Asker: 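Would you mind keeping the following structure in view while I ask a few things?
As the structure is a prediction and not an experimental result, all values here were calculated from the model.
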Amino acid sequence: MKVLSHTLWVVCLFVAVSAGATQPQYRKKKNRNLSLRISARPNDKLTTYASIGLIEATERLHGVSINLGGTVSSDKSAGVQIGGIFNVSEHFSGLSVAGITNVYEKASGIAISGLVNAGQEFKNGAQLTSLVNVAQQQKRALSISLLMNVSQTSTHSIQLSALTNVSGVNRGGLMLTGLGNISTENSGVQIAGFSNIAIENSGVNMALLNISATNNGLQLGGLNITSEEGRGLQVGLVNISRKDDIRQLGLVNLKPSTQKEYQFTASNTDALNAGIRFKNKYTYTQLGLSSYHFGLSSPFTLSGVFRAGLYRALGTRWEVYGDLGYKHIETFRNKNEGKPRRLYAFQPRVGITYMPFARFGFTLSGGYEWARTYGNGYQKGKTTVELGIVLR
């Protein structure tokens, strides 16, 4: 996680350097203008109201500027500026359209460019580009890019990209991308097709992979990981936390207090069962494999089993439990033989475990199995009895 932290600081430094480097520098001497314009000088400020040509260089734009090169303004401007290559503004509000890039110190409204929108602060509007939006601060704004959105601070804003969003702080906003979101602090919503990475997260992370150094919100995905303190909720296939103060709902839930238990059993439905049980305070989940399912007229079967249940310790040696299991059965038969090729089964059961030794014991359970084909054809019910050994 130290590597991740260092990486995010480098990204934030890149944002600051990029925005600082692109911040326009203005000189007070007379600008070179290559356009036809209507202008005046109220309050000793050169103000352009309409311009068309190659390059418009002015102090203020209060109107419309359409130029093949672009528009450069060194003071507060408002209106519409359309440039074939660039628009450079100190403080602009309105519509700014550029073939390649919009560069600003502060901006609000709508900025549209072919490649890059970059500057210090963007708020109360929208940035749209095909490549990258870069802003040190983004407030109450929408950023859309095909590649990447980068901001040091994003507050009450929405960032949408096809590849990735990078934000130093994202509070009360939405980061939505096709690949991944990266933030050093997130109190909003991060949604990604692949991964969300956050140093802190008190909001919602939704992706196949969610990684948070501190999570007090919701992680929803395939694999959820919190590496430090966490008191939120993880919902996924596999949930991993380095602290116990977190709620988990998934196929595999791992905390520092999680106990692993290995079981090898035989039953009147399967000749051999092997599984691993992940036990938390009162609940457990179990993953396992079974082979040679009886009663299917098949020389070999293989089943994958998932169970979820409750348990209660009775002293130091005895333990009672109950669970509900789902089993997927492969018979490896040809469907043309008139036999089911694959089936599924539900298995409720109750059991007891006796541990005469600290790491070795025995388990006995009983229940019922309902097996049927996925096409609702073959179906069969049977009482089950299972006996085996336990290793801890």
Side-chain angles (χ1 to χ4, degrees), residues 223-224 230 233-295 301-330 343-372 379-392:
L223 173 60
N224 300 310
L233 172 64
Q234 294 179 313
V235 181
L237 299 178
V238 179
N239 300 308
I240 301 174
S241 174
R242 291 182 60 184
K243 294 292 183 179
D244 290 320
D245 296 334
I246 191 168
R247 294 177 176 85
Q248 297 174 316
L249 180 61
L251 299 184
V252 177
N253 302 308
L254 299 177
K255 304 178 183 179
S257 62
T258 300
Q259 299 179 5
K260 299 180 183 67
E261 188 174 276
Y262 303 91
Q263 296 191 357
F264 301 92
T265 63
S267 70
N268 61 328
T269 57
D270 295 279
L272 179 62
N273 304 282
I276 177 171
R277 180 176 293 184
F278 303 95
K279 298 169 60 178
N280 289 298
K281 190 173 182 180
Y282 300 112
T283 63
Y284 67 86
T285 58
Q286 182 172 325
L287 300 176
L289 293 174
S290 301
S291 63
Y292 298 105
H293 193 282
F294 299 125
T301 64
L302 184 65
S303 306
V305 184
F306 170 74
R307 301 183 185 276
L310 303 171
Y311 75 96
R312 181 73 175 181
L314 303 177
T316 58
R317 298 183 182 275
W318 295 91
E319 186 177 279
V320 294
Y321 61 87
D323 60 38
L324 175 64
Y326 173 81
K327 179 189 293 185
H328 172 81
I329 308 169
E330 288 284 345
L343 305 89
Y344 68 95
F346 292 104
Q347 291 182 326
R349 65 176 189 174
V350 293
I352 189 168
T353 298
Y354 173 63
M355 300 293 296
F357 306 101
R359 296 187 176 276
F360 179 83
F362 303 94
T363 182
L364 174 65
S365 66
Y368 199 83
E369 178 184 89
W370 288 275
R372 62 189 306 164
Q379 51 185 318
K380 183 178 181 181
K382 186 176 184 180
T383 301
T384 63
V385 178
E386 190 171 351
L387 176 66
I389 61 174
V390 176
L391 301 178
R392 291 180 178 174

Asker: Do Y344 and S303 touch side chain to side chain, with heavy atoms closer than 4.5 Å?
Answerer: no
Asker: Provide the closest heavy-atom pair for A271 versus A266 in the form atom of the first, atom of the second, distance.
Answerer: O-CB, 3.4 Å
Asker: Would you check if there is a donor-acceptor pair between the side chains of D323 and Y284 at a distance under 3.5 Å?
Answerer: yes
Asker: Are side-chain heavy atoms of F306 and L287 found at a separation under 4.5 Å?
Answerer: yes
Asker: Ion pair present between E261 and R392, side-chain N to carboxylate O less than 4.0 angstrom?
Answerer: yes
Asker: Cation over ring, R277 on Y321, under 6.0 Å and within 45°?
Answerer: yes
Asker: Which pair of heavy atoms, one from K382 and one from T269, lies closest together, and at what distance?
Answerer: CD-CG2, 4.2 Å
Asker: Counting N and O atoms only, with roles assigned by atom type, does the side chain of E319 sit under 3.5 Å from a partner on the main chain of Y354, one being a donor and the other an acceptor?
Answerer: no
Asker: Take Y282 and Y311, measure what ring-ring contact (aromatic ring centres under 6.0 Å, His included) needs, and give me the verdict at the end.
Answerer: CA-CA 6 Å; Y282 300 112; Y311 75 96; 7.3 Å; no
Asker: For T384 and E369, test the side chains for any donor-to-acceptor distance below 3.5 angstrom and give the result as yes or no.
Answerer: no
Asker: Would I389 and Q263 count as a side chain to side chain contact (heavy atoms under 4.5 Å, CB included) here? Give the steps.
Answerer: CA-CA 6 Å; I389 61 174; Q263 296 191 357; over 6 Å; no
Asker: Just how far is it from atom CG of N280 to atom CG of L310, taken to the nearest 0.5 Å?
Answerer: 12.0 Å
Asker: I need the L289 CG to L302 CG distance, nearest 0.5 Å.
Answerer: 6.0 Å
Asker: With a 4.0 Å cut-off on N to O distance, would you call K255 and D244 a salt bridge?
Answerer: no
Asker: Minimum heavy-atom separation for A345 to I329, with atom names?
Answerer: CB-CD1, 4.4 Å
Asker: Which pair of heavy atoms, one from F360 and one from L391, lies closest together, and at what distance?
Answerer: CD1-CD2, 3.5 Å
Asker: Hey, is the main chain of F278 close enough, under 3.5 Å, to the side chain of N253 for a donor-acceptor pair?
Answerer: no
Asker: Over all heavy atoms of both residues, which pair between F362 and P356 is shortest? Give the atoms and the distance, please.
Answerer: CE1-CG, 4.1 Å
Asker: Using a 3.5 Å distance criterion without hydrogens, assess whether the side chain of K260 forms a donor-acceptor pair with backbone atoms of K279.
Answerer: no
Asker: Can you tell me how far the CD1 atom of I240 sits from the CG atom of L254, to the nearest 0.5 Å?
Answerer: 5.5 Å
Asker: Between N224 (side chain only) and V235 (backbone N and O only), is there a donor and an acceptor less than 3.5 Å apart?
Answerer: yes
Asker: Salt bridge or not between K327 and D270? Use side-chain N to carboxylate O under 4.0 Å.
Answerer: yes
Asker: How long is the span from the CG atom in L272 to the OG atom in S267, to the nearest 0.5 Å?
Answerer: 9.5 Å
Asker: Restricting to non-hydrogen atoms, name the atom on V305 and the atom on S290 that form the minimum distance, rounded to 0.1 Å.
Answerer: CG2-OG, 3.7 Å
Asker: Is E386 close to N273 at the side-chain level, that is, under 4.5 Å between some pair of heavy atoms?
Answerer: yes
Asker: With rounding to the nearest 0.5 Å, note down the distance linking CD in Q248 to OG1 in T258.
Answerer: 6.5 Å
Asker: Taking T285 for the side chain and L251 for the main chain, is one N or O donor matched with an acceptor at less than 3.5 Å?
Answerer: yes
Asker: So how far is it from W318 CH2 to I352 CD1, rounded to the nearest 0.5 Å?
Answerer: 5.0 Å
